[in-house]
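Below is one structure, written out as structure tokens, with a few remarks after it.
Note that this is a predicted model, so its numbers are computed, not measured.
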Amino acid sequence: MEYKTVLLPGAVTKKQAVKIEVALNEIASEGWQLHSFAPQSAMGGTDGNLAVFTRKEH
């Protein structure tokens with residue numbers, strides 16, 4: 001099993017949410033499956049989101 005981590009921006013607006021969706025779909029097209037998605041906070045707010053992906057080793 002392989003793992004990949006990606007730091008994605010926080011979504012405050014619909015446009016930012018669409019950027020996250022595009023990034024997730026691009027990674028999925030490479031054979032990665034989303035394992036977990038967790039907000040990363042700093043100074044009381046969400047600074048970004050850590051996405052962890054898995055796939056079978058090639």
Worksheet item: For the side chain to side chain contact (heavy atoms under 4.5 Å, CB included) test, which of Asn49, Leu50, Leu8 pairs with Pro39?
Response: Asn49
Item to complete: Give the cluster check for Phe53 versus Phe37: same hydrophobic cluster or not, with ILVMFWY residues linked at side-chain heavy-atom distances below 4.5 Å.
Response: yes
Discussion item. Holding to side-chain hydrogen bond (donor to acceptor under 3.5 Å, both in side chains), I want the full list of residues that pass it with Glu21, two or more places apart in sequence or in another chain.
Written reply: none
Fill in: Same apolar cluster (I L V M F W Y, side chains within < 4.5 Å links), Val6/Tyr3
no
Fill in: Beyond-backbone contact of Leu34 with Ile27, side-chain heavy atoms, under 4.5 angstrom
no
Worksheet, complete the sentence: Correct closest heavy-atom pair for Lys56 and Glu2 would be O-OE1, 3.7 Å
Item to complete: Spell out, as yes or no, whether a donor-acceptor pair under 3.5 Å connects the side chain of Arg55 to the backbone of Glu30.
Response: yes
